[in-house]
Amino acid sequence: MHEWALSDSVARAAAAVKKEKGLKTVSAVTVVLGEVQDIAPEVFKENFDELKKSHKGLEKTELKIETERAAFDCNNCGAHFNFDRSKLPHETAEDIHFMPETLRFYITCPKCKSQDFKISAGRGVYIKEIEGEK
Amino acid sequence: MHEWALSDSVARAAAAVKKEKGLKTVSAVTVVLGEVQDIAPEVFKENFDELKKSHKGLEKTELKIETERAAFDCNNCGAHFNFDRSKLPHETAEDIHFMPETLRFYITCPKCKSQDFKISAGRGVYIKEIEGEK
Amino acid sequence: MNLDPRTFAISDRIKNIKKIYAVTGFKGGVGKSTAACLLALALSAKGVKTGLLDLDFSGSSCHVILGVTPGMKSLFPSEIQGLTPPEVAGIKFMSLAYFTQNRAAHLRGEDVTNSIIELLAVTNWGNLDALILDMPPGISDAALDIMRLMPKAEMIAVVTSSILSQNLAVKALEFCKNSGVKTLGIIHNFTRGGCETGEIFAEFKCLAKLPYDKNFEASIGDIEALKRTDVYAAVQPAFENLL
Amino acid sequence: MNLDPRTFAISDRIKNIKKIYAVTGFKGGVGKSTAACLLALALSAKGVKTGLLDLDFSGSSCHVILGVTPGMKSLFPSEIQGLTPPEVAGIKFMSLAYFTQNRAAHLRGEDVTNSIIELLAVTNWGNLDALILDMPPGISDAALDIMRLMPKAEMIAVVTSSILSQNLAVKALEFCKNSGVKTLGIIHNFTRGGCETGEIFAEFKCLAKLPYDKNFEASIGDIEALKRTDVYAAVQPAFENLL
Ligand SMILES: Nc1ncnc2c1ncn2[C@@H]1O[C@H](COP(=O)(O)OP(=O)(O)O)[C@@H](O)[C@H]1O
Ligand SMILES: Nc1ncnc2c1ncn2[C@@H]1O[C@H](COP(=O)(O)OP(=O)(O)O)[C@@H](O)[C@H]1O
Ligand SMILES: [Mg+2]
Ligand SMILES: [Mg+2]
Ligand SMILES: [Mg+2]
Ligand SMILES: [Mg+2]
Ligand code: NI
Ligand code: NI
Ligand SMILES: [Zn+2]
Ligand SMILES: [Zn+2]
């Protein structure tokens with residue numbers, strides 16, 4: 001699964017933060033998964049729970065997962081809008097799953113039809129919080 | 001003076017906001033002048049006070065001017081830094097006055113020497129507040 | 001509130017420009033700058049009030065082709081209600097190169113946008129019949145910004161016979177169409193005979209066919225020499241569709 | 001906290017790649033993609049474990065030169081610990097084109113950065129002796145991101161005899177030097193005789209001189225035909241300085 005690489009990056013980021021902050025263990029990591037990339041939370045967690053074993057101090061880290069609705073700002077007319085991921089054709093949905101930026105080849109601003117907009121929320125994966133003990 | 005064009009853009013922006021918000025008059029506009037572009041506040045105000053006369057409802061607008069220190073974030077190492085504008089050679093200082101982005105051809109991150117950084121504050125001119133009566 | 005005032009001035013700054021042509025081609029090295037400069041020279045020679053704006057910041061070439069040295073001590077805009085571009089062979093010529101002291105312009109997209117907005121907000125073009133934009137390759141920040149900030153700009157796409165050029169141009173022109181941007185037509189560069197654009201560009205006008213001219217390179221930087229090249233002669237038919 | 005985890009994985013993903021070469025040239029159309037593809041083909045033909053990454057998102061050309069059709073139903077990476085690129089003539093080949101369904105990639109700088117980070121974070125290259133990067137023109141987001149995310153990448157600059165190409169390359173290589181980036185050397189393209197780069201590039205090695213080959217265009221898309229071109233033959237001397 002391609003998700004593996006992203007789970008792995010979360011584990012590595014948590015290990016790096018642990019080192020930087022001088023933590024002994026990381027008790028929890030909160031990640032936010034965006035609607036655009038649409039990573040399956042179960043798969044993500046499964047991978048993480050396997051990967052964390054190879055990082056000292058992360059063996060018992062709990063992965064908390066939140067999801068975020070996608071939001072777009074039109075660069076042309078300023079409109080804010082959302083989208084309905086379930087309406088994408090399968091192949092398009094897959095492309096966006098791998099490369100979220102390709103989303104912009106398939107959707108347009110509902111107000112002015114521009115293809116030039118910013119993904120202001122819900123793009124991919126980010127870490128919201130890392131909790132640990134010194 | 002080149003400042004004229006920027007003062008003019010502030011007057012036009014205020015007139016547009018007045019219209020959009022249905023204001024009868026604009027009592028005050030607060031602009032922030034950044035250290036990078038280094039616009040002279042007196043010249044800017046002088047131009048504005050002349051230009052406002054040609055916009056209905058702006059004839060009595062007070063221009064409030066604030067200045068903002070420049071701040072940079074290194075894209076390579078993450079360092080935050082400032083600079084000393086007075087140390088720029090005259091010609092360089094002038095180029096940056098006209099085109100603030102050219103700043104990055106002359107200064108580097110003090111920590112890692114990268115020439116790749118973000119101007120996070122104090123670039124040019126922006127409007128902070130527009131006050132008016134309905 | 002954090003409002004950028006500059007964009008509010010742009011429509012005023014370009015209101016006395018009758019036509020704006022964005023010379024693009026999406027691929028690099030197809031001859032965009034060459035076509036943009038020769039078109040501007042040819043228009044100006046005919047007495048058309050012409051401007052030229054080099055928007056390929058990291059590949060600025062127009063000043064080299066026109067043989068001028070941008071800089072405060074040589075050629076520089078004058079401070080008259082903003083910046084009034086100096087004239088080169090009658091062309092009002094604007095470029096970021098005036099302000100770069102011949103250094104490499106390493107600009108991220110956000111900088112490109114900011115520089116374009118700044119140039120458009122402060123440049124005092126006055127009355128122009130035509131403004132030619134020399135675009136960078138790709139559909140990047142510059143192209144997207146011109147589409148939104150100068151919606152009246154029409155595209156002139158320079159293409160070569162290469163499948164690499166034509167593939168990209170077809171896709172990009174489709175994108176322009178979907179974005180409501182008008183394409184005036186195609187300039188075919190480096191031709192070695194008839195119009196080789198073929199079927200693939202059937203819906204677009206062929207504005208001019210520029211031959212490969214092995215002496216062209218030696219004329220770069222010398223306006224009089226440029227005007228004696230085969231390429232300059234071949235640009236002329238484009239006028240029928242301009243203005 | 002809003003922390004992008006992806007950059008933390010990149011050094012791991014490239015740790016088993018011995019050498020990374022960024023084929024650049026700063027100007028468009030000088031032959032970067034041509035040189036990148038032919039170098040990769042030549043390395044792979046010698047049994048060198050080679051990867052090729054097309055980073056010119058809005059001008060993707062490598063798949064066209066190599067004659068492959070990227071897409072889920074034709075050629076696509078496999079999902080093995082991330083995305084493992086498919087092999088083309090033994091080259092592990094990665095491109096945004098797998099995911100674009102042949103549409104124009106209208107990406108702003110921020111999108112380019114995000115896409116590069118995503119590709120670097122999820123691509124499973126495995127062991128490689130050499131990874132060739134096909135760079136877009138300019139010193140834009142892509143070039144700056146490669147400098148910061150792959151600091152071990154060495155530049156190979158493709159230049160032509162044109163003053164337009166050489167002017168830009170000299171300034172850009174100066175920028176690279178100031179940024180601590182190593183330049184392996186120069187490839188001179190479209191030559192018609194001796195090494196014409198001259199004085200201006202005296203401090204850089206001339207890795208190869210590629211002749212202008214009027215039959216080259218007809219070989220695009222056919223790997224066996226590409227390998228019979230004069231350009232392919234001329235790329236070979238570059239090896240002395242690679243690996
Ligand atoms: N018709 C032509 N004949 C000969 N050389 C040309 C011709 N058109 C362009 N060139 C040369 O080809 C190169 C690329 O042209 P240029 O205008 O810089 O392309 P672009 O702006 O699309 O990158 C330059 O060295 C230029 O001098
Ligand atoms: N040595 C050569 N002989 C003939 N044609 C070439 C040669 N090198 C490149 N080309 C052609 O020149 C054009 C530009 O080359 P390309 O590799 O796409 O440049 P870039 O990647 O720098 O934009 C293409 O049409 C390509 O087929
Ligand atoms: Mg050009
Ligand atoms: Mg140019
Ligand atoms: Mg290329
Ligand atoms: Mg390419
Ligand atoms: Ni997946
Ligand atoms: Ni001034
Ligand atoms: Zn819109
Ligand atoms: Zn730094």
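Just so it is clear, the structure is predicted and the values come from calculations on it, not from any experiment. So that the names make sense, note that chain A is the first sequence line, chain B the second, and so on, each numbered from 1.
Around NZ of C:Lys205, the count of heavy atoms belonging to other residues, nucleotides or ligands within 6.0 Å does not exceed 12. The environment of C:Lys177 atom NZ is sparse: at most 12 non-hydrogen atoms of other residues, nucleotides or ligands sit within 6.0 angstrom.
Ranked by non-hydrogen atom pairs under 4.5 Å with chain D, the options C:Pro136, C:Ala172, C:Gly31, C:Ser162 are led by C:Ser162. Each of C:His106, C:Arg103, C:Lys32, C:Glu110 has some count of heavy-atom pairs under 4.5 Å with chain D, and the biggest count is that of C:His106.
Only the backbone of D:Ala105 comes within contact range of chain C, with heavy atoms under 4.5 Å apart. With a 4.5 Å cut-off on non-hydrogen atoms, D:Phe26 does not touch chain C at all. With a 4.5 angstrom heavy-atom cutoff, C:Thr113 touches chain D only via side-chain atoms. The contact between D:Tyr212 and chain C is made entirely by side chain atoms (from C-beta outward), counting heavy-atom distances below 4.5 Å. Heavy-atom distances place the side chain of D:Asn167, and not its backbone, under 4.5 Å from chain C. With a 4.5 Å cut-off on non-hydrogen atoms, D:Ile220 touches chain C through its side chain but not through its backbone.
Rounding to the nearest 0.5 Å places CG of D:Leu168 at 8.0 Å from CG of C:Asp56. Rounding to the nearest 0.5 Å places CG of C:Leu164 at 11.0 Å from OG of D:Ser60. We find the CD1-CG distance between C:Ile139 and D:Leu107 to be 9.0 Å, quoted to the nearest 0.5 Å.
When all heavy atoms are compared, the tightest approach of C:Lys27 to D:Ser61 is NZ-OG, 4.5 Å. Residues C:Ser58 and D:Gly138 come closest through the heavy atom pair OG-CA, 3.2 Å. For the residue pair C:Asp141 and D:Gly109, the shortest heavy atom distance occurs at OD1-N, 2.8 Å. Here the closest non-hydrogen pair linking C:Glu217 and D:Ile163 is OE2-N, 3.2 Å.
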Give the C-alpha distance, both sets of side-chain angles, the deciding distance and a yes or no for salt bridge (charged side-chain N to carboxylate O under 4.0 Å, His left out) between C:Arg108 and D:Asp145.
CA-CA 10 Å; C:Arg108 285 186 175 267; D:Asp145 287 325; 2.8 Å; yes

